[in-house]
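Working notes for the structure below.
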Amino acid sequence: MLSENRTIVDLNTLRLSGIAAAYAEITSDFELTEALRYASERQLPVLPLGEGSNVVLGERLNRLLLRDKRQGYELLSEDKNQARLRVAAGQNWHELVQACIQQGWYGLENLALIPGGVGAAPVQNIGAYGVELAECIDVVSGIFLPADNTSQQGGEPWRLANAECQFGYRDSIFKHELRDKVLITSIEITLQKHFVAKLDYPSLAEYFDAHSMGRDTLSAGDVFDAVTAIRRARLPDPAEIPNAGSFFKNVVVSTDQYETLHGRYPDMPSFAMDGEPTLRKIPSAWLVEQCGFKGRNFDGIGMHSEQALVLVRKDPGAKAYGRQVLALAERITTAVLERFGLRLEIEPRVYDM
Ligand code: FAD
Ligand code: NAP
């Protein structure tokens, strides 16, 4: 299904307004080939889009927005310890997490309720509560998109093993060398049949203490329920309050720089980085809050009152554009830089601004 001059308001969870030159939803290889042909004949850059929960889109997108709607998973192999699955890119992430727990395949519980589709999950190496997708992913597969400004049609398949995806903290090769050059069509993951709870994050551990639930007897369903409940209490539901999740990445500094900062700001929270003893992570939510932006409303856009890192539309009924969102982000970035000497980086992908 392909449409031209398509409004984008229902294609992004910030519900930003704008028009895309074309939009195609595909459910088969044939439709994919047709969409790529359409784009290359018009030399229209192709932008893969999932559920639009991690993008800031401009008003005028001279692109074909391409949504792969193919869903579901297949069991590739299993033994008494593990199950290996291939999951289609159009599969909703949270429903996959739910289905895996029901099957007795564990490892994704801490990643419950992350919005979006499977295709986007490796792009940012989605993570939450101390778990990252990279921990269970074996292979990411897809096709090359038509190269910009050429008549090369694209469609050539590729397959990358975990080590080749250059996964890092909310990062991967798909944000760098392969940025906007490929469509991810499926991922292969290995899940465990013996459940081990990962409760490193204080909010999770505190939840079980508050509910008098002993940590030794927890099931994957208990962790799934806890993550879901904590997130529902703290994070705005995009269906009601348009947002794109955390708007800024956490700041990562050297331990030396951290020592200097800590001397000046003894209350500044920080966390060790797994496997990176010379680095320290500073929660950007704290920096934004210290600069006075938490909960404030700037002409219908502001930072959430429960979570200072989440930029929200405070007047969902009004029209809003990507440039307004970026103007507020710039204001916050400047304030944090002037006060702490730290530069915030926007997490969602920004297009055509
Ligand atoms: P989109 O926003 O549609 O796309 C994001 C990027 O991926 C774009 O650059 C797009 O071009 C690219 N892309 C999408 N699909 C494909 C594909 N098939 N092939 C190639 N490229 C593709 N993220 C976390 O990591 N942890 C969290 O806990 C978390 N919580 C969130 C909470 C809320 C309330 C919200 C709104 C967002 C949150 N996010 C979180 C961010 C977001 O959910 C993830 O980044 C998610 O993976 C985005 O999926 P999507 O399908 O919406 O991607
Ligand atoms: P939280 O649990 O209140 O923690 C606040 C911040 O401190 C987070 O940024 C987290 O880093 C860090 N942190 C807490 N405990 C840590 C530990 N033991 N080790 C290392 N870092 C620790 O965070 P929250 O806002 O309620 O979010 C909960 C989880 O969901 C977090 O993992 C967060 O990343 C994720 N989330 C992501 C998005 C997004 O759009 N990317 C949106 C909402 C929530 P990390 O962020 O590195 O985990």
Side-chain angles (χ1 to χ4, degrees), residues 11-14 26 32 45-57 63 65-70 88-94 110-133 140-145 169-172 174-175 178-187 198-207 227 230-252 269-274 280-287 304 306-312 347-351:
L11 302 179
N12 71 101
T13 61
L14 272 166
I26 61 116
L32 174 57
V46 178
L47 175 63
L49 199 64
E51 299 182 19
S53 66
N54 209 23
V55 286
V56 182
L57 302 176
R63 300 171 183 268
L65 303 185
L66 180 64
R67 174 114 191 245
D68 187 340
K69 296 271 281 187
R70 290 173 284 189
Q91 169 66 46
N92 173 268
W93 175 261
H94 178 68
N110 295 39
L111 305 178
L113 219 62
I114 297 182
V118 161
V123 175
Q124 115 133 355
N125 180 20
I126 54 169
Y129 300 100
V131 173
E132 290 182 342
L133 175 69
V140 181
S141 305
I143 54 130
F144 283 99
L145 296 171
Y169 178 60
R170 309 287 190 269
D171 203 14
S172 75
F174 307 108
K175 285 189 169 184
L178 294 183
R179 186 190 167 113
D180 303 335
K181 291 190 170 65
V182 297
L183 175 74
I184 294 166
T185 52
S186 69
I187 63 172
K198 292 190 183 159
L199 306 176
D200 301 343
Y201 270 42
S203 44
L204 258 187
E206 281 159 17
Y207 177 93
V227 169
I230 298 168
R231 292 183 70 106
R232 288 217 164 103
R234 284 204 74 191
L235 293 168
D237 177 355
E240 288 160 20
I241 303 176
N243 76 89
S246 300
F247 203 79
F248 300 103
K249 294 181 188 173
N250 286 325
V251 177
V252 177
S270 78
F271 295 95
M273 300 276 293
D274 270 353
R280 200 111 188 130
K281 176 171 69 179
I282 299 170
S284 295
W286 186 84
L287 301 170
H304 193 47
E306 299 297 315
Q307 217 315 356
L309 206 51
V310 180
L311 184 147
V312 291
E347 183 183 286
R349 306 286 300 279
V350 178
Y351 292 99

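Indexing begins at 1, ligand by ligand and atom by atom, following the structure's order.
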message: Polar contacts were defined as any N/O atom of the residue lying under 3.5 Å from an N/O atom of the ligand; does this apply to Q124 and ligand 1?
response: yes
field: Any N or O of E51 closer than 3.5 Å to N or O of ligand 1
entry: yes
field: Heavy-atom proximity to atom 38 (C) of ligand 1, best of P115, G50, P48
entry: P115
message: Please determine whether any non-hydrogen atom of F174 lies less than 4.0 Å from an atom of ligand 1.
response: no
- request: Determine whether the side chain, the backbone, both or neither of P202 has a heavy atom under 4.0 Å from any heavy atom of ligand 2.
  value: side chain
query: Is it true that F247 lies under 4.0 Å from ligand 2, counting heavy atoms only?
result: no
Protein residue, atom and distance nearest to atom 39 (N) of ligand 1, heavy-atom basis: I114 CG2, 4.2 Å
message: Tell me whether atom 30 (O) of ligand 2 lies less than 4.0 Å from at least one protein heavy-atom position.
response: yes
message: Within ligand 2, which atoms have a heavy atom of G245 less than 4.0 Å away?
response: 40 (O)
- prompt: Does some side-chain heavy atom of V312 sit less than 4.5 Å from a side-chain heavy atom of H304?
  reply: yes
- prompt: Is the closest side-chain donor-acceptor distance between D180 and Y351 under 3.5 Å?
  reply: yes
- request: Measure the distance from atom 48 (C) of ligand 1 to every protein heavy atom, then report the residue, atom name and distance (to 0.1 Å) of the closest one.
  value: S53 OG, 3.3 Å
message: For ligand 1, which is the ligand I care about here, please tell me if G245 has any N or O atom under 3.5 Å from one of the ligand's N or O atoms.
response: no
field: Distance filter under 4.0 Å to L235 heavy atoms, resulting ligand 2 atoms
entry: 43 (C), 44 (C)
field: Spacing of L111 atom CG and L113 atom CG [to the nearest 0.5 Å]
entry: 11.5 Å
- prompt: Applying a strict 4.0 Å limit to heavy atoms, is V55 in contact with ligand 1?
  reply: yes
message: Please state which option from R170, E306, E206 has its nearest heavy atom closest to atom 33 (C) of ligand 2.
response: R170
- request: Using a 4.0 Å heavy-atom threshold (strictly under), name the region of N243 that reaches ligand 1: side chain, backbone, both or neither.
  value: both
task: Using the six-membered ring wherever Trp is involved, compare the ring planes of F271 and Y201 and label them parallel, tilted or perpendicular (cut-offs 30° and 60°).
output: parallel
- prompt: What atoms in ligand 2 come closer than 4.0 Å to a heavy atom of D200?
  reply: 18 (N)
message: Students should be able to answer this: which protein heavy-atom is nearest to atom 2 (O) of ligand 1, and at what distance?
response: N54 N, 2.8 Å
message: Using only atom types and a distance under 3.5 Å, with no angle test, would you say the side chain of R349 pairs donor to acceptor with the backbone of V55?
response: no
Under-4.0 Å heavy-atom contact with ligand 2, by part of V310 that carries it: neither
message: Pairs of nitrogen or oxygen atoms closer than 3.5 Å, one from A128 and one from ligand 1: do any exist?
response: no
message: Would you say CZ of R232 has more than 12 non-hydrogen atoms from neighbouring residues, nucleotides or ligands within 6.0 angstrom?
response: no
message: Is there a polar contact, in the sense of an N or O pair closer than 3.5 Å, between P236 and ligand 1?
response: no
task: Distance to 0.1 Å, residue and atom name: give those for the protein heavy atom nearest to atom 28 (O) of ligand 1.
output: R231 NH1, 2.9 Å
Close-contact set for ligand 2 against Q307 heavy atoms, below 4.0 Å: 24 (P), 25 (O)
- prompt: Out of E347, R234, K281, whose heavy atom sits nearest atom 24 (P) of ligand 2?
  reply: R234
- line: In terms of its nearest heavy atom to atom 46 (O) of ligand 2, the top option of N110, I230, N250 is N250
- prompt: atom 38 (C) of ligand 2: which of A205, P115, S53, S246 has the nearest heavy atom?
  reply: S246
- prompt: ligand 1 and I184, any nitrogen or oxygen pair closer than 3.5 angstrom?
  reply: yes
- request: Output yes when the distance from some N or O of ligand 1 to some N or O of Y351 is under 3.5 Å, and no in every other case.
  value: yes
message: Would R179 count as a contact residue for ligand 1, given that I'm defining contact as a non-hydrogen atom of the residue lying under 4.0 Å from a ligand atom?
response: no
message: Strictly inside 4.0 angstrom of atom 5 (C) of ligand 2, do you find any protein heavy atom?
response: no
Nitrogen or oxygen atoms of R349 and ligand 1 under 3.5 Å apart: yes
message: Any side-chain to backbone donor/acceptor pair from N250 onto S284? Under 3.5 Å, distance only.
response: yes
- line: Here the gap from D237 atom CG to T13 atom OG1, rounded to the nearest 0.5 Å, amounts to 10.0 Å
message: Under 3.5 Å, is there a donor on one side chain and an acceptor on the other for D171 and Q124?
response: no
message: Side chain, backbone, both or neither: which applies to S246 and ligand 1 if a contact is any heavy-atom pair less than 4.0 Å apart?
response: neither
field: Residue S203 vicinity, atoms of ligand 2 by number, heavy atom under 4.0 Å
entry: 2 (O)
task: Scan side-chain atoms only and decide if Y169 and D274 contain a donor-acceptor pair under the 3.5 Å cut-off.
output: no
field: Q307 side chain near L235 side chain, heavy-atom distance below 4.5 Å
entry: yes
- request: Find all atoms of ligand 2 within a distance of less than 4.0 Å from any non-hydrogen atom belonging to Y169, and give their numbers and elements.
  value: 45 (P), 46 (O), 47 (O)
